[in-house]
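Hydrogens, waters and symmetry mates are skipped; everything else that's a heavy atom, side chains included, is used. These figures come from a predicted structure and were not determined experimentally. Residue numbering restarts at 1 for every chain, and letters A, B, ... go by the order of the sequence lines.
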2 protein chains.
Amino acid sequence: MVTLADVARHAGVSASTVSYVLSGKRSISAGTRERVERSIRALGYHPNAGARALASNRSNIIALMIPLRTDMYVPVMMEIAVAVATTARTHGYDVLLLTGEEGPDAVRRVTGSGLADAMILMDVELEDERLPLLRATGQPAVLIGLPTDTAGVTCVDLDWSATGALCVEHLAKLGHRDVAVIGEAPAVYERHTGFAERTLDGLRSRARELGLRVVHRPWEGGYDAMAATLSRIFDERPSTTGFVVQNESAVEPLLAVLRQQGRAVPEDVSVVAVCPEQVAVQASVRLTSVAVPAQEMGRTAVGLLVGKLDGRETDDVVLIAPELTVRASSGTAPTIP
Amino acid sequence: MVTLADVARHAGVSASTVSYVLSGKRSISAGTRERVERSIRALGYHPNAGARALASNRSNIIALMIPLRTDMYVPVMMEIAVAVATTARTHGYDVLLLTGEEGPDAVRRVTGSGLADAMILMDVELEDERLPLLRATGQPAVLIGLPTDTAGVTCVDLDWSATGALCVEHLAKLGHRDVAVIGEAPAVYERHTGFAERTLDGLRSRARELGLRVVHRPWEGGYDAMAATLSRIFDERPSTTGFVVQNESAVEPLLAVLRQQGRAVPEDVSVVAVCPEQVAVQASVRLTSVAVPAQEMGRTAVGLLVGKLDGRETDDVVLIAPELTVRASSGTAPTIP
DNA sequence: GACCGCTGTCGAAGCGCTTCGAAAAAGGGT
DNA sequence: ACCCTTTTTCGAAGCGCTTCGACAGCGGTC
């Protein structure tokens, strides 16, 4: 193993000089720097992470806590995780992967051991039990998701409320008067994951302003469940012509059942989805959708965290504005015959 | 910050005693152990990861390299990653998340810096460029996937060749004589990712033995592409009655197009999928499938790695035997009218 | 020419832990 | 009571790095 001392010897300088070349924290003459850099390359030197962490009290690692469960948004989670990992690298950080399994203990462990300099938490619940700990330890953290109380923590999220409003506005503009929302699995609501409730709230209040009627049905499971859900919706509100889907795994079942029932999209009913771009484009009908900006969320979270670690002042809550892209699944509401 | 020395003082013992209580590498009398443990809890002590890594030359971190691209098997990747993270924790390891982006450099960096004790590589290509490095450094590593040359590395994978064979056997047993394989995107083959080619080889050679005819068509993209692919297949081989799908994102398009063409599953055509259990169960037709045992792969990989790190002798190549579950998408071949 | 303020470099201390050899304590036989 | 073995505990060295204060040169100033 090549150590800093080896490099110093090879370059004919002291260890501290090599260290300063590496960190740039003191000025080093061009000649010396050059010589040291050449030695580093010649010997294939890599600074020892542990020693560095010990001496500098900084690990250059960001912990990312992903949910263990896979009942929702797996591709979104994956995309965020990959974006976090790549962005972190460009800032010189590595990413430690924690699963929600350990829960608050993981926060304690990572903070206490100095394993990571900061944390990114996903799958944040409205009253997340990890928050008090985070506030108490003063560990720099960014949440992806928006808890009820954002005091002392930084958050990044899609503006779900605006997303819901945007969907219903789009349908209203096309003349739809009765809208059905196919929501997440009941478990998601029970857990008080913020985004599901917020979307619904935003959608409902905008619908009220615009004079639309809304029914909301959670969904989970398979095609049969979807068929049942749809019959119920059309029984209760026969004049339903607009659909909002917030659950990417519900997209294909919904389209399939509609097709099977002989309802044409977008002639008879319009569908607006909240889902990753890719899902919208690859669906059997190209979907009018509000994209879930997974990458942007991951990138932003890392950006904020690095800002904090560098002592910069950062925003407390970053809400990403939703953007609706019109594709082939929405159109003018059918005129009642 | 609470250090080991603080604990020692609090418990009235020396630092080394505390260390031995923690590591269990020397016997400590029950009384002393008790006292030390009480102090640890009282002070809320967590060993400093950096110091530990420096002194012991072990970071207790496993690096997991996941592919950057998301053109395939995202849920499988995610499931493996989560399984790796959870299993690693039960062995006292944390997981560092690397993306393929850095490529071989990541291997060099992580090995050189002592950031991780070992690596798990996913998305292994037949002639993976990270392999020579791994062999050279002697870094303990486990590949998820099977390269051409497995010398000096440990691999875990589903036995794809047997998987292909199993699928075609099942169809043969049901009386199908002409089988079509809907394969991965062409890019996957061009990259020489082992599993795609192996499945196909296994399937083809078994088919030859059983006297079945096979056509193979890569697929990628949307429903239109699937419709085109199917017409071509039925034009060229009108007597095709068996389908094998190896691409989970192709499942719904295939079923949808078949339905649209008025071909009943399983009465007119049978479909066998290679995909995660969940996809098979939630599809619009419950699919006869060979499950991709993502969790098992992740768990096994960690198990092997921990074994290596503990100096145990481990297998070099662990091939997981495929299991075919019969569901509603396959049945007796229709008799030619 | 003595003095000043630079810039560039060095030496040493110390980060918190593990680990080795050795000392101290505790039994066990005679 | 003694010696010998075994168990338990301690002290000190050292892992590879960062960082602080100090020092050596250097050109410029009065």
Side-chain angles (χ1 to χ4, degrees), chain A residues 1-37 39-40 43-61 92 94 109-117 309, chain B residues 1-37 39-40 43-61 92 94 109-117 309:
Chain A
M1 167 179 236
V2 188
T3 72
L4 194 152
D6 296 331
V7 176
R9 210 168 309 123
H10 186 272
V13 298
S14 78
S16 46
T17 302
V18 177
S19 177
Y20 286 123
V21 167
L22 248 31
S23 68
K25 292 193 179 170
R26 282 198 186 175
S27 61
I28 297 287
S29 69
T32 309
R33 189 198 336 282
E34 184 95 345
R35 211 141 31 87
V36 169
E37 280 166 353
S39 298
I40 288 178
L43 301 179
Y45 169 70
H46 284 273
N48 178 290
R52 189 169 253 194
L54 178 57
S56 67
N57 213 14
R58 290 286 231 98
S59 65
N60 281 294
I61 288 181
D94 271 294
R109 193 169 59 85
V110 168
T111 315
S113 67
L115 234 187
D117 297 331
L309 289 171
Chain B
M1 166 175 239
V2 187
T3 72
L4 194 151
D6 297 331
V7 175
R9 209 169 308 123
H10 186 272
V13 298
S14 78
S16 47
T17 303
V18 178
S19 176
Y20 286 124
V21 167
L22 250 30
S23 68
K25 293 194 178 169
R26 282 199 186 173
S27 61
I28 297 287
S29 69
T32 310
R33 191 202 330 287
E34 185 98 341
R35 211 141 31 86
V36 169
E37 279 166 354
S39 297
I40 288 178
L43 301 179
Y45 168 71
H46 284 273
N48 179 289
R52 189 168 253 192
L54 177 57
S56 67
N57 214 12
R58 287 289 230 96
S59 66
N60 282 293
I61 289 181
D94 272 294
R109 193 168 60 85
V110 168
T111 315
S113 68
L115 233 187
D117 297 330
L309 288 172

> For the pair made of NZ in B/K25 and P in D/dT8, what is the distance, rounded to whole Å?
Replying inline: 19 Å
> Say you draw a straight line from CG of B/N60 to CG of B/D94; how long is it, rounded to the nearest 0.5 Å?
Replying inline: 8.5 Å
>> Rounded to the nearest 0.5 Å, what separates atom CE in B/M1 from atom CG in B/N48?
In response: 4.5 Å
> What is the minimum heavy-atom distance between A/Y45 and A/V2, and which atoms define it?
Replying inline: CD1-O, 3.5 Å
> In Å and rounded to the nearest 0.5 Å, what is the CG to CD1 distance from A/D6 to A/I40?
Replying inline: 12.0 Å
>> For a quick check, tell me whether the side chain of B/S14 and the base of D/dG11 share a donor-acceptor pair closer than 3.5 Å.
In response: no
> How many Å lie between CZ on B/R33 and C1' on D/dT7, as a whole number?
Replying inline: 13 Å
> Across the strands shown, which category fits B/S16 at heavy-atom distances under 4.0 angstrom: base, sugar-phosphate, nothing?
Replying inline: base
> From B/I61 CD1 over to B/L115 CG, what is the distance, rounded to the nearest 0.5 angstrom?
Replying inline: 6.0 Å
>> Categorize A/S29 for me: base, sugar-phosphate, or nothing, with a 4.0 angstrom heavy-atom threshold over every strand shown.
In response: sugar-phosphate
>> From OH of B/Y20 over to P of D/dC10, roughly how many Å is that when rounded to an integer?
In response: 12 Å
> If you look at every strand shown and take non-hydrogen atoms under 4.0 Å, does A/I28 touch a base, only sugar-phosphate, or nothing?
Replying inline: sugar-phosphate
> From B/E37 CD over to B/T32 OG1, what is the distance, rounded to the nearest 0.5 angstrom?
Replying inline: 11.0 Å
Determine all donor-acceptor pairs shorter than 3.5 Å in which one atom belongs to a side chain in residues 17-25 of chain A; sequence neighbours excluded.
| from | atom 1 | to | atom 2 | distance (Å) |
| --- | --- | --- | --- | --- |
| A/T17 | OG1 | A/S14 | OG | 3.2 |
| A/S23 | OG | A/S19 | O | 3.3 |
| A/S23 | OG | A/K25 | N | 3.3 |

> Which heavy atom of A/L54 sits nearest a heavy atom of B/A51, and at what distance?
Replying inline: CD1-CB, 3.6 Å
> Does anyone know the first and last nucleotide of DNA chain C in reach of chain A, 5' to 3', at under 4.0 angstrom to a heavy atom?
Replying inline: C/dG8 to C/dG16
> Within the structure shown, what part of the strands sits under 4.0 Å from A/S23 by heavy-atom distance: base, sugar-phosphate, or nothing?
Replying inline: nothing
>> To check you understand the geometry: which heavy-atom pair defines the closest contact between B/R52 and B/P47, and what is its length?
In response: NH2-CG, 3.6 Å
> A/H46 or B/G31: which one's nearest nucleotide on DNA chain D is closer to the 5' end?
Replying inline: B/G31
> For the helix from C/dG1-D/dC30 to C/dT30-D/dA1, what angle lies between the axis at the first five pairs and the axis at the last five pairs, to 10 degrees?
Replying inline: 60°
